[in-house]
Amino acid sequence: MNKKIIAATPLALRLVREKRAGKRIVFTNGVYDLIHAGHVTLLQKAKNLGDILVVGLNGDASVRRLKGPKRPLATERDRALVLSALEPVDYVTIFAEDTPYELIQKLKPDVLVKGGDYAANQIVGADLVKKVVRIPLVKGRSTSSLIGKILTAYCR
């Protein structure tokens, strides 16, 4: 497996060392089913907020519970591999729970990043970090709109 894709416990140990070395840890999370320009923009902006960007990836069962039985479109391994190949991403870790709360507790990032579609009071783990940053969404760029375009184009 890719060295950037790492289980939570070994990653937490690595991040402790990074923090001791003065590095600022940024965390974001999501499904990342079909990577699009909105995802890439958020990841680039998140990376600019610190030294190490960690992406928490919802596992397959978690995605099914949250998005329904037809999702995810790609497996957690495939989604993790694609994410890990993106330049801003330093580490990817998969979590099985519906929210990343336990993962954030374990990793102890300095900054938590979410998309601007989340209200401040909806951001899971905000109480565990020093700073929360909401990044505005890229208009017209979402997995749901991409799925809709694919269905319109190919399912007539």
Side-chain angles (χ1 to χ4, degrees), residues 1-12 14-15 25-50 52-107 109 111-126 128-129 132-156:
M1 188 178 270
N2 185 312
K3 66 180 180 168
K4 291 169 81 175
I5 303 168
I6 186 168
T9 300
L11 178 56
R14 236 181 240 192
L15 295 180
I25 311 300
V26 180
F27 177 88
T28 192
N29 68 283
V31 172
Y32 296 97
D33 211 358
L34 291 175
I35 300 291
H36 53 74
H39 289 133
V40 173
T41 300
L42 182 134
L43 294 169
Q44 288 170 331
K45 290 181 177 183
K47 175 65 175 192
N48 289 334
L49 296 170
I52 308 262
L53 177 59
V54 176
V55 178
L57 183 67
N58 288 77
D60 291 346
S62 169
V63 176
R64 279 190 291 282
R65 288 190 301 272
L66 296 169
K67 304 280 186 181
K70 294 181 181 179
R71 300 276 303 275
L73 301 172
T75 67
E76 63 191 37
R77 285 183 167 267
D78 287 354
R79 291 181 289 123
L81 183 63
V82 171
L83 275 170
S84 72
L86 298 177
E87 186 178 335
V89 177
D90 294 296
Y91 297 107
V92 176
T93 190
I94 300 167
F95 64 97
E97 301 77 21
D98 290 349
T99 75
Y101 194 83
E102 291 175 31
L103 181 59
I104 295 167
Q105 273 183 318
K106 186 176 277 191
L107 300 181
V111 182
L112 174 58
V113 173
K114 287 303 286 179
D117 54 333
Y118 284 85
N121 65 348
Q122 293 177 311
I123 298 176
V124 171
L128 300 172
V129 297
V132 175
V133 176
R134 294 169 54 234
I135 295 179
L137 298 183
V138 177
K139 188 174 180 172
R141 302 296 186 269
S142 73
T143 301
S144 296
S145 68
L146 192 53
I147 290 170
K149 286 179 185 178
I150 292 167
L151 290 173
T152 299
Y154 294 98
C155 296
R156 292 182 183 186

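The first residue in the sequence is number 1, and the count goes up from there.
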TODO: Look at the side chain of Ser62 and the backbone N and O of Asn58, then say whether any donor-acceptor pair between them is shorter than 3.5 Å.
DONE: no

Open item on the list: Let me confirm one number: the CD1-CG distance from Ile135 to Asn48, rounded to the nearest 0.5 Å.
Closed with: 8.5 Å

Task: Side-chain donor or acceptor of Thr28 paired with backbone N/O of Val113 under 3.5 Å - done: yes

Task: Tyr91 side chain reached by Leu53 side chain, heavy atoms, under 4.5 Å - done: no

Task: Gln44 side chain reached by Pro88 side chain, heavy atoms, under 4.5 Å - done: yes

Task: Nearest heavy atoms of Ser84 and Leu81, plus distance in Å - done: OG-O, 2.9 Å

Open item on the list: With a 4.0 Å cut-off on N to O distance, would you call Asp60 and Arg79 a salt bridge?
Closed with: yes

Open item on the list: Tell me the closest heavy-atom pair linking Phe95 and Pro100, and the distance in Å.
Closed with: CE1-N, 3.7 Å

Open item on the list: Can you tell me if Glu87 has over 12 outside heavy atoms packed within less than 6.0 Å of its CD?
Closed with: no

TODO: List the atom of His36, the atom of Leu146, and the distance in Å for their closest heavy-atom pair.
DONE: CB-CD2, 4.4 Å

Open item on the list: Within the 4.5 Å heavy-atom criterion, are Leu107 and Ile25 side-chain neighbours or not?
Closed with: no

Open item on the list: Testing the basics here: between Val133 and Val111, what is the closest heavy-atom pair and its distance to 0.1 Å?
Closed with: CG2-CG1, 4.0 Å

TODO: Side-chain contact test, heavy atoms from C-beta onward, threshold under 4.5 Å: evaluate it for Val40 versus Ile35 and give yes or no.
DONE: yes

- [ ] Please step through side chain to side chain donor-acceptor pair (under 3.5 Å) for the pair Thr9 and Lys106, ending with a clear verdict.
- [x] CA-CA 8 Å; Thr9 300; Lys106 186 176 277 191; 3.1 Å; yes

Task: Candidates Leu128, Ile104, Ile52, Val54 - the one meeting side-chain contact (heavy atoms from CB on, under 4.5 Å) with Pro109 - done: Ile104

- [ ] Output yes when Asp90 and Lys4 qualify as a salt bridge under the 4.0 Å nitrogen-oxygen rule, no when they do not.
- [x] no

TODO: Please tell me if the side chains of Val26 and Lys47 come closer than 4.5 Å, counting only heavy atoms from C-beta onward.
DONE: no

Open item on the list: Looking at every heavy atom in both Gly125 and Leu112, which two are closest together, and how far apart are they?
Closed with: C-CD2, 3.7 Å

Task: Pairwise distance OG1(Thr99) to CG(Asn29) - rounded to 0.5 angstrom - done: 8.5 Å

- [ ] Rounded to the nearest 0.5 Å, what's the gap from NE2 on His39 to CG on Leu83? Could you check?
- [x] 8.0 Å

- [ ] Evaluate the side-chain proximity of Val132 to Lys114: yes if any heavy-atom separation is below 4.5 Å, no if none is.
- [x] no

- [ ] For residues Glu97 and Glu102, report the shortest heavy-atom separation together with the two atoms involved.
- [x] OE2-OE1, 3.8 Å

Task: Side-chain heavy-atom pair Tyr32, Pro72 within 4.5 angstrom cut-off - done: no

- [ ] Dump the intermediate steps for side chain to side chain contact (heavy atoms under 4.5 Å, CB included) on Leu73 and Arg71, then the final yes or no.
- [x] CA-CA 5 Å; Leu73 301 172; Arg71 300 276 303 275; 4.2 Å; yes

Task: Heavy-atom side-chain contact between Ile147 and Leu34 under 4.5 Å - done: yes

- [ ] Could you tell me whether the side chain of Thr93 and the main chain of Ile6 form a donor-acceptor pair under 3.5 Å?
- [x] yes

